Amino acid sequence: MKQELVELPVTTGDGIFLAHYSDKGLAALDFPNADGLVAPNGKANGRAVNSKQIPLQILRWHRTTTAALKKMLAGQPAKDLPPLDWTGKTEFQQAVWRVMLKLGPGKTKSYGEVARAIGRPKAVRAVGSACGANSIPVLVPCHRVLAAGGKIGGFGSGLDWKRRLLAKEGINL
DNA sequence: GACAGATGAAGGA
DNA sequence: TCCTTCATCTGTC
């Protein structure tokens, strides 16, 4: 059965992101498209999609998310993060993302370093896959994971975003 | 079970 | 240096 998600827009100086909440926490975050609006799969442009009443708890998470996102986009550490809903994700993916959450602004790790940090030094390609499976970019800073030698590597939401986010944190590739 | 992938390292030119 | 090749590990279909 499919879990119902509440979708709420997050307006930032970089466009309107779309946050998806389950009853457990923030489940996904969509980047704005080139026009600064939410991506086409988000069914609204800057409006709450769900007509039904939004639970107070989700509104509180949304405030935290908005503040955290704005901080991150300003290259500052987010003070608080909403609970993240990683339901259905594997142990391996969660381990990779936990390592990323520990990375502060301006700090980067290579895919190999992340693999070593979770005790699987040879699972470098798998770390790349786990990064790609990250549905909460920016807040789970997969953009801070670079390829060996300081090369940019890849980014599921587009390398432009990766460069942009890194530049905000003072990292120029 | 096969295949693909956001890598890394080694070897050769 | 730069490029190519291959080993490695995990997730997905």
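Everything numeric in this text was worked out from a predicted model, so none of it was measured. In what follows, every chain begins at residue 1, and chains take the letters A, B, ... in the order their sequences are listed.
With values rounded to the nearest 0.5 angstrom, A/His143 atom NE2 is found 13.5 Å from A/Leu159 atom CG. Atom-to-atom distance recorded for A/Ile58:CD1 and A/Ser22:OG is 7.5 Å, nearest 0.5 angstrom. Put simply, CG on A/Leu59 and CG on A/Leu8 are 7.0 Å apart, with the number rounded to the nearest 0.5 Å. Going from atom CG of A/Asp85 over to atom CD1 of A/Ile136 covers 7.5 Å, rounded to the nearest 0.5 Å. Put simply, CG on A/Asp30 and CG on A/Leu18 are 5.5 Å apart, with the number rounded to the nearest 0.5 Å.
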Heavy-atom contacts, protein to nucleotides 8-13 of chain B, under 4.0 Å, summarised as B (base), S (sugar-phosphate only) or - (none) per nt, yield S-----
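Scanning residues 97-109 of chain A for heavy-atom distances under 4.0 Å to DNA chain C yields an empty list.
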Write out a two-atom table: protein N or O, nucleotide N or O from nucleotides 11-13 of chain C, distance below 3.5 Å.
{"from": "C/dG11", "atom 1": "OP1", "to": "A/Thr90", "atom 2": "OG1", "distance (Å)": "2.6"}

If you restrict it to nitrogen or oxygen atoms, what contacts under 3.5 Å exist between nucleotides 2-4 of chain C and the protein, and what is each distance?
none

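In DNA chain B, the stems built from three or more successive Watson-Crick or G-U pairs (distances below 3.5 Å) are B:1-5 with C:9-13, B:7-13 with C:1-7.
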List the atom pairs, with distances to 0.1 Å, where a side-chain N or O of residues 61-75 of chain A and a protein N or O form a donor-acceptor pair under 3.5 Å, not counting sequence neighbours.
{"from": "A/His62", "atom 1": "ND1", "to": "A/Tyr21", "atom 2": "OH", "distance (Å)": "2.8"}
{"from": "A/His62", "atom 1": "NE2", "to": "A/Pro9", "atom 2": "O", "distance (Å)": "3.0"}
{"from": "A/Thr64", "atom 1": "OG1", "to": "A/Arg60", "atom 2": "O", "distance (Å)": "3.1"}
{"from": "A/Thr65", "atom 1": "OG1", "to": "A/Tyr21", "atom 2": "OH", "distance (Å)": "3.0"}
{"from": "A/Thr65", "atom 1": "OG1", "to": "A/Trp61", "atom 2": "O", "distance (Å)": "2.8"}
{"from": "A/Thr66", "atom 1": "OG1", "to": "A/His62", "atom 2": "O", "distance (Å)": "2.7"}
{"from": "A/Lys71", "atom 1": "NZ", "to": "A/Gln76", "atom 2": "OE1", "distance (Å)": "3.1"}

Distance-only donor-acceptor hits, side chain of residues 93-100 of chain A, under 3.5 Å, sequence neighbours excluded:
{"from": "A/Gln93", "atom 1": "OE1", "to": "A/Thr90", "atom 2": "N", "distance (Å)": "3.1"}
{"from": "A/Gln94", "atom 1": "NE2", "to": "A/Lys89", "atom 2": "O", "distance (Å)": "3.2"}
{"from": "A/Trp97", "atom 1": "NE1", "to": "A/Ala130", "atom 2": "O", "distance (Å)": "3.0"}

Contacts table for residues 107-114 of chain A: side-chain donor-acceptor under 3.5 angstrom, sequence neighbours left out:
{"from": "A/Ser110", "atom 1": "OG", "to": "A/Gly112", "atom 2": "N", "distance (Å)": "3.4"}
{"from": "A/Ser110", "atom 1": "OG", "to": "A/Glu113", "atom 2": "N", "distance (Å)": "3.1"}
{"from": "A/Glu113", "atom 1": "OE1", "to": "A/Ser110", "atom 2": "N", "distance (Å)": "2.8"}

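Under the side-chain contact (heavy atoms from CB on, under 4.5 Å) criterion, A/Ala115 pairs with A/Val124, A/Val127, not counting sequence neighbours. Residues passing the salt bridge (charged side-chain N to carboxylate O under 4.0 Å, His left out) test with A/Arg120: none are found, sequence neighbours excluded.
Ring geometry for A/Trp161 versus A/Phe31: interplanar angle of 30 to 60°, hence tilted.
For the pair A/Arg125 CZ and C/dC6 C1', the interatomic distance rounds to 11 Å; values are reported in whole Å. Between the P atom of B/dT7 and the CZ atom of A/Phe155 lies a distance of 14 Å, rounded to the nearest Å. Rounded to an integer number of Å, the gap from CZ of A/Phe31 to C1' of B/dA6 is 14 Å.
Closest approach of A/Asn134 and A/Cys142 over heavy atoms only: ND2-SG, 3.2 Å. In plain terms, the two heavy atoms of A/Ala19 and A/Val10 that are nearest each other are CB-CG2, 4.1 Å.
Listed by first and then second residue, the salt bridge (Lys or Arg N to Asp or Glu O under 4.0 Å) pairs involving residues 128-139 of chain A amount to none (not counting sequence neighbours). Note on residues 139-163 of chain A: pairs passing salt bridge (Lys or Arg N to Asp or Glu O under 4.0 Å), not counting sequence neighbours, are A/Arg144-A/Glu169, A/Asp160-A/Arg163.
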